[in-house]
Amino acid sequence: MDESGTVEGDREGAAQVFMALPEQSRDGSGVFRECLDEVARVTGLSVVPRADPCTEAQWGHAVRGALREAFRRGETFPEGSFDALLRAAVHDPDPSFDRWFVEAALNSFGRLAVCSALLDYLRTGSDPERAGAARAWYWAGLPLQRPESPTAAESEALGAVARDWNEACLRTFVGNEDVDVRRCILPGLRLGPSAFPAELQDLVAEALAIGRAHPDEYIRHRVEIQSRC
């Protein structure tokens with residue numbers, strides 16, 4: 001599923017066109033600017049904006065661009081940059097461009113570390129952080145630049161994190177009334193009859209009821225389609 005809107009087949013093979021994820025209802029630009037400054041500082045990247053002084057949008061593109069170029073050169077980042085990269089990914093207002101922070105963290109610190117951190121944001125973060133973690137999780141499955149064969153223990157741990165993430169998304173969608181949180185969780189939330197074990201089916205039914213009666217058009221639209229996937 002693509003957060004910008006995609007076409008996907010339902011169980012009968014008919015194409016389903018998802019609405020694009022709406023812009024956030026709150027302005028988090030000040031926090032994101034702080035995140036960009038911290039990423040530039042701790043990674044040691046040479047970031048040159050096109051204008052001086054630059055707007056937040058220009059600074060954001062400059063920092064993301066520097067990360068992208070470092071990734072293409074095969075660079076990794078020191079341990080002290082992990083928190084800064086994840087925080088920037090979570091607070092990035094653009095669900096497409098947050099990829100570069102996630103990808104840098106994935107290739108420097110591994111998938112388990114990134115997924116575990118995003119799960120912590122979803123469980124304990126503020127509402128903007130929960131929404132941002134859900135947007136960032138979309139990119140957590142990107143292939144690594146240098147693929148490695150995980151050990152059995154690592155594979156088991158990553159599987160456990162993925163299961164915990166799915167359950168946390170379901171519980172957060174039901175229990176958190178913030179519209180941005182619900183919108184951002186939905187693209188990765190399966191609501192079909194086989195998506196969750198029997199002990200969570202009551203929560204699935206509650207999520208469906210909430211979504212179908214929700215005043216937000218995007219939430220109603222996605223819930224109706226995803227209940228058939």
Side-chain angles (χ1 to χ4, degrees), residues 1-14 16-26 28 86 89-91 95 98 102 111-142 155-229:
M1 299 180 186
D2 189 331
E3 295 184 16
S4 61
T6 193
V7 177
E8 183 172 302
D10 63 13
R11 288 181 296 174
E12 286 73 39
Q16 300 291 338
V17 180
F18 289 118
M19 294 174 60
L21 180 67
E23 292 186 2
Q24 296 178 78
S25 61
R26 61 174 69 84
L86 263 293
V90 164
H91 285 282
D98 61 352
V102 176
R111 201 178 311 280
L112 180 59
V114 170
C115 290
S116 297
L118 292 176
L119 177 59
D120 285 342
Y121 270 112
L122 181 66
R123 283 173 164 169
T124 65
S126 63
D127 285 342
E129 288 171 340
R130 289 186 172 102
R135 293 193 304 271
W137 182 270
Y138 179 82
W139 301 111
L142 287 168
S155 295
E156 184 177 352
L158 189 56
V161 170
R163 290 190 295 273
D164 288 346
W165 172 269
N166 290 335
E167 181 174 342
C169 281
L170 177 62
R171 292 188 182 280
T172 302
F173 183 84
V174 169
N176 190 310
E177 296 183 357
D178 183 84
V179 67
D180 289 327
V181 172
R182 282 177 166 164
R183 284 172 174 172
C184 292
I185 281 176
L186 262 180
L189 184 61
R190 293 288 183 177
L191 292 170
S194 62
F196 290 94
E199 61 267 23
L200 294 177
Q201 288 303 312
D202 287 348
L203 271 180
V204 173
E206 189 172 353
L208 289 170
I210 289 170
R212 286 168 173 159
H214 203 279
D216 183 72
E217 181 184 8
Y218 176 83
I219 291 175
R220 294 196 310 274
H221 166 83
R222 290 212 64 129
V223 164
E224 194 56 46
I225 293 178
Q226 288 173 219
S227 66
R228 302 195 298 269
C229 294

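Values reported hereafter were calculated over all heavy atoms of this structure, with side chains retained and with hydrogens, waters and symmetry mates removed. Numbering starts at 1 and runs along the sequence shown.
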(request) Grab the two heavy atoms, one from R222 and one from P187, that are nearest each other, plus how far apart they are. (result) NH2-CA, 3.7 Å
(message) Measuring from atom CG of L86 to atom CG of D98, what distance do you get when rounded to the nearest 0.5 angstrom?
(response) 11.0 Å
(message) Under the rule for side chain to side chain contact (heavy atoms under 4.5 Å, CB included), what residues qualify as partners of A131, not counting sequence neighbours?
(response) R135, D180, V181, C184
(message) Run the side chain to side chain contact (heavy atoms under 4.5 Å, CB included) test against P215 and tell me which residues pass, sequence neighbours left out.
(response) none
(request) Compare all side-chain heavy atoms of F173 with those of V223 and state whether any distance is below 4.5 angstrom. (result) yes
(request) Measure across W165 and A133 and return the closest heavy-atom pair with its distance rounded to 0.1 Å. (result) CH2-O, 3.6 Å
(message) Just checking Q201: does its CD atom have more than 12 heavy atoms from other residues, nucleotides or ligands closer to it than 6.0 angstrom?
(response) yes
(message) Can you give me the closest heavy-atom contact between N166 and L189, atom names plus distance?
(response) O-CD1, 4.4 Å
(request) Just jot down the side-chain hydrogen bond (donor to acceptor under 3.5 Å, both in side chains) partners of E156, sequence neighbours excluded, or say none. (result) none
(request) Nearest 0.5 Å please: distance from the CG atom of L191 over to the CG atom of L186. (result) 7.0 Å
(message) With rounding to the nearest 0.5 angstrom, report the CG to CG distance, L203 to L170.
(response) 5.0 Å
(message) Has E129 got a side-chain atom pairing as donor or acceptor with H91's backbone, closer than 3.5 angstrom?
(response) no
(message) Closer than 3.5 angstrom, by distance alone: can the side chain of R190 be matched with the main-chain N or O of Q226 as a donor-acceptor pair?
(response) no
(request) Find out whether L118 and V90 are in side-chain contact, i.e. whether some heavy atom of one side chain is under 4.5 Å from a heavy atom of the other. (result) yes
(message) Using a 6.0 Å cut-off, check whether atom CD of E199 has over 12 heavy atoms from anything other than its own residue.
(response) yes
(message) Between R130 (side chain only) and R123 (backbone N and O only), is there a donor and an acceptor less than 3.5 Å apart?
(response) yes
(request) Report yes or no: does W137 contribute a side-chain atom to a donor-acceptor pair with the main-chain N or O of I185 at less than 3.5 Å? (result) no
(request) Enumerate the residue pairs fulfilling side-chain hydrogen bond (donor to acceptor under 3.5 Å, both in side chains) with a member in residues 167-176, sequence neighbours excluded, ordered by first and then second residue. (result) D127-N176, E167-R171
(request) Can you measure from CG (D178) to OG (S126) and round to the nearest 0.5 angstrom? (result) 9.5 Å
(message) Under the rule for side chain to side chain contact (heavy atoms under 4.5 Å, CB included), what residues qualify as partners of S116, not counting sequence neighbours?
(response) L112, V161
(request) Sequence neighbours left out, what passes salt bridge (Lys or Arg N to Asp or Glu O under 4.0 Å) with D216? Give chain and number order. (result) R183
